[in-house]
Structure formats: structure tokens, C-alpha cells
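Input: a single structure, listed below in C-alpha cells.
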Protein chains: 2
Amino acid sequence: MGATKTDLFTKQQNDIAQMAKAIAHPARIAILQYLVKKNACVCGDLVDELGLAQATTSQHLKELKAAGLIQGTIEGASVCYCIDPKIWKQYQQLFSAFFKDVNLDGSCC
Amino acid sequence: MGATKTDLFTKQQNDIAQMAKAIAHPARIAILQYLVKKNACVCGDLVDELGLAQATTSQHLKELKAAGLIQGTIEGASVCYCIDPKIWKQYQQLFSAFFKDVNLDGSCC
DNA sequence: TCTTATTATTGCAATATTGCGATGAATTCA
DNA sequence: TGAATTCATCGCAATATTGCAATAATAAGA
């Protein structure tokens with residue numbers, strides 16, 4: 001025990017949870033906000049920006065890449081990162097749909 | 001080491017990450033979806049609904065309550081749960097704002 | 001009161017995540 | 001070629017999360 005029992009839930013539920021997990025760390029939020037702010041390919045300065053060790057930053061970048069949220073392009077000796085607008089839009093739509101329209105007249109007990 | 005270094009990031013970044021973490025588990029997604037679908041106070045049947053042990057379900061409900069997303073009202077021997085529409089709306093707005101308007105002309109390398 | 005039903009809490013084991021130093025791979029420049 | 005630079009990966013330690021059995025707490029009904 002200790003591992004999430006993904007088989008108990010629908011693919012959609014697992015997907016949403018997985019996507020939430022991808023942004024469930026302040027370092028990854030910071031990375032994404034920085035890339036969005038720059039709105040361009042960013043090479044190198046991410047480690048200085050975060051304040052975490054290079055290995056740790058690289059790990060977070062790897063997770064964001066695995067989630068599809070960012071792309072990394074090798075540019076000479078360094079690597080350039082940017083938002084993947086296609087996946088970003090998917091996230092936007094999915095979370096928007098998830099939080100859509102709860103009947104706000106909380107007819108609770 | 002092993003603990004998230006929250007002091008390196010802004011309160012906003014930590015908040016977003018924390019909110020994402022609250023929904024970063026398929027069981028919690030399933031609970032929320034069920035409550036939204038019923039759109040009412042739900043007593044008792046959550047354990048049967050999920051397929052997880054009672055203790056585990058209770059733990060997830062506790063986390064959702066801690067996140068503010070649901071309310072629990074004692075109703076006799078059982079407890080009724082429902083979405084907190086106020087906090088729900090906050091989540092909706094926050095994620096909407098976060099994923100807002102990336103310039104989609106991926107001017108990447 | 002005693003039993004039953006329902007939920008919370010405790011304590012533990014298994015697994016996942018976070019963070020970093022050390023090392024490796026690839027590129028640039030002297 | 002030989003540094004120096006940049007980033008990824010490995011291996012480890014610390015911490016967090018997940019899951020459940022056992023138990024406690026509370027309320028309803030016999």
C-alpha cells in the first residue's frame with residue numbers, strides 16, 4: 001500500500017489528478033509563470049531565477065516536460081524552454097470544465 | 001532535505017501549488033465530481049461510491065475539507081458533505097487566471 | 001443500557017516526492 | 001586538444017502521501 005489505486009477511477013479522473021499534480025509544486029508554478037511572463041524561449045537563467053540547486057531545477061523541468069506543458073530545445077551548449085501553447089490550452093480548458101457551473105445556491109443541509 | 005522549500009517562492013505561488021495539490025488525487029476528483037453531480041448534500045454513500053477503505057475515504061474528505069472545497073455537516077449519526085460554492089468559485093477563478101492568455105504564436109526557438 | 005451504524009483518528013507499512021552533491025554528456029572557445 | 005559551460009542523470013537522504021486495520025467517538029434505535 002501507499003501507491004495510488006488508479007484502477008479504481010476513470011481515465012478522466014486520473015488524468016485530471018495527474019495534470020493537477022504537474023502544477024502542484026511552487027517551483028513548477030514559478031517556472032511556468034516565468035516562461036509566460038517572458039513569453040519567449042528562455043535559455044539558462046532558470047536556475048538563477050529559482051534559487052534551487054541545478055539538479056533540482058532540472059528535475060522540475062523534466063516533470064513539466066513529461067506533462068507536456070513545456071518544450072525544451074537544445075540551443076548550442078544550453079537548452080531553451082518555452083510553454084507548449086497547445087497543451088497549455090488543453091490544461092486551461094480541462095480545469096475550466098472541471099470547475100464549471102456548480103449550482104451556487106448551496107442547497108446544503 | 002525532501003521537504004518543499006516554500007520560503008523560496010511567493011505566497012501566490014505556494015497557494016496555487018497548494019490548491020493544485022488538493023485536487024491532485026483521483027479519489028478526490030471522484031469525490032468532487034460526485035458531489036457536483038448530486039448537487040446536494042450527500043450523506044454516507046461516499047465510501048461505497050469510491051471503493052476505497054472507509055479510513056482512506058475519510059482521510060481524503062479531511063483533505064478536501066482542509067482545502068475548503070467541501071463542507072461537512074453532522075446529520076444525526078452520519079455526516080453530510082457538499083461543495084462549498086464560495087471556495088469552489090475561488091478555485092475556478094484562480095486556475096482560470098493562471099492559464100489565461102498565453103500568447104499562442106509559440107515564438108519558440 | 002446495549003447494540004448497531006457511521007465517521008474520525010491512530011499507528012503503521014509501502015510508495016512517491018523533493019532536494020542536492022557528484023558525475024556524465026555535449027558544446028563552445030581558447 | 002584541453003578547459004570551461006550548460007544541462008541531464010544517478011544515487012542517496014529526508015520528508016510527504018497513500019492506504020488500511022484497529023480502535024475511538026458519537027448518535028440512533030431496541
Side-chain angles (χ1 to χ4, degrees), chain A residues 1-9 13-14 16-31 34-35 41-67 70-82 109, chain B residues 1-9 13-14 16-31 34-35 41-67 70-82 109:
Chain A
M1 330 111 191
T4 297
K5 292 195 151 182
T6 54
D7 53 308
L8 285 179
F9 309 102
Q13 287 163 346
N14 282 306
I16 298 177
Q18 196 61 45
M19 291 165 82
K21 201 178 278 188
I23 61 168
H25 193 289
R28 296 197 285 276
I29 296 290
I31 290 172
Y34 186 70
L35 291 180
C41 194
V42 167
C43 298
D45 41 346
L46 275 168
V47 172
D48 309 322
E49 188 67 21
L50 282 190
L52 289 169
Q54 183 267 325
T56 308
T57 305
S58 183
Q59 173 62 25
H60 284 301
L61 288 168
K62 186 182 176 184
E63 284 178 52
L64 288 173
K65 242 189 300 185
I70 65 174
Q71 293 174 329
T73 315
I74 296 174
E75 190 79 11
S78 62
V79 177
C80 291
Y81 291 101
C82 62
C109 333
Chain B
M1 329 115 192
T4 297
K5 292 195 153 183
T6 54
D7 54 308
L8 284 179
F9 308 102
Q13 287 163 345
N14 283 306
I16 298 178
Q18 196 61 45
M19 291 166 81
K21 200 178 280 187
I23 60 169
H25 192 288
R28 297 197 285 275
I29 297 290
I31 290 172
Y34 186 70
L35 292 180
C41 193
V42 168
C43 297
D45 41 346
L46 274 168
V47 172
D48 308 324
E49 188 68 19
L50 282 190
L52 289 170
Q54 184 267 325
T56 308
T57 305
S58 183
Q59 173 63 24
H60 284 301
L61 288 168
K62 187 181 175 183
E63 284 179 52
L64 288 173
K65 242 189 300 185
I70 65 173
Q71 293 173 327
T73 315
I74 298 174
E75 190 78 13
S78 62
V79 177
C80 291
Y81 291 100
C82 63
C109 335

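In this text the structure is predicted, and so the values were computed from the model without any measurement. Below, chain A is the first sequence line, B the second, and so on; all start at residue 1.
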When B:Thr6 and A:Ala77 are each assigned the nearest nucleotide of DNA chain C, the 5'-most assignment goes to B:Thr6

Calculate the interatomic distance between [X] atom [atom1] and [N] atom [atom2]; express it in whole Å.
X: B:Lys62; N: C:dT7; atom1: NZ; atom2: C1'; value: 12 Å
X: B:Leu64; N: D:dT18; atom1: CG; atom2: C1'; value: 14 Å
X: B:Ile23; N: D:dT17; atom1: CD1; atom2: C1'; value: 17 Å
X: A:Ile74; N: D:dC7; atom1: CD1; atom2: P; value: 11 Å
X: A:His25; N: D:dT17; atom1: NE2; atom2: C1'; value: 14 Å
X: A:Ile31; N: C:dG19; atom1: CD1; atom2: C1'; value: 13 Å
X: B:Glu75; N: C:dT6; atom1: CD; atom2: P; value: 14 Å
X: B:Leu61; N: D:dT18; atom1: CG; atom2: P; value: 13 Å

Is the distance from OP1 or OP2 of [N] to the nearest side-chain N or O of [X] less than 4.0 Å?
X: A:Lys65; N: D:dA8; answer: yes
X: A:Lys5; N: D:dC20; answer: yes
X: B:Lys21; N: D:dT17; answer: yes
X: B:Tyr81; N: C:dT6; answer: no
X: B:His60; N: D:dG19; answer: yes

Do [X] and [Y] have side chains that get closer than 4.5 Å, going by heavy atoms?
X: A:Ser58; Y: A:Gln54; value: yes
X: B:Ile29; Y: A:Phe9; value: no
X: A:Ile23; Y: A:Arg28; value: no

Walking DNA chain D from its 5' end, the first of A:Ser58 and B:Gly76 to be reached, judged by nearest nucleotide, is A:Ser58

On DNA chain D, more 5' by nearest nucleotide between B:Glu63 and A:Ala55 is A:Ala55

Heavy atoms from C-beta onward define the side chain here; which of [options] lies closest to that of [X]?
X: B:Val79; options: C:dT7, C:dG19, D:dT15; value: C:dT7
X: B:Gln54; options: C:dT15, D:dC7, C:dA8; value: C:dA8
X: A:Arg28; options: D:dT9, D:dG19, C:dT18; value: C:dT18
X: B:Thr4; options: C:dA22, D:dT18, C:dT18; value: C:dT18
X: A:Ala53; options: C:dC20, C:dG19, D:dT6; value: C:dC20
X: A:Leu52; options: C:dT15, D:dC7, C:dC20; value: C:dC20

Which part of the nucleic acid, if any, lies within contact of A:Thr56, taking any heavy atom under 4.0 Å across all strands shown: a base, the sugar-phosphate backbone alone, or nothing? base

Could you go step by step and tell me if B:Cys82 and B:Cys41 meet the disulfide bond (SG atoms under 2.5 Å apart) rule? CA-CA 5 Å; B:Cys82 63; B:Cys41 193; 5.3 Å; no

side-chain contact (heavy atoms from CB on, under 4.5 Å) with B:Ile31: of B:His25, B:His60, B:Glu63, B:Glu49, only one passes, and it is B:His60

- Query: With no angle test and no hydrogens, is the base of D:dA8 tied to the side chain of A:Gln59 by a donor-acceptor pair under 3.5 Å?
  - Reply: no

Worksheet item: Does CG in B:Leu8 sit with more than 12 non-hydrogen atoms of other residues, nucleotides or ligands closer than 6.0 Å?
Response: yes

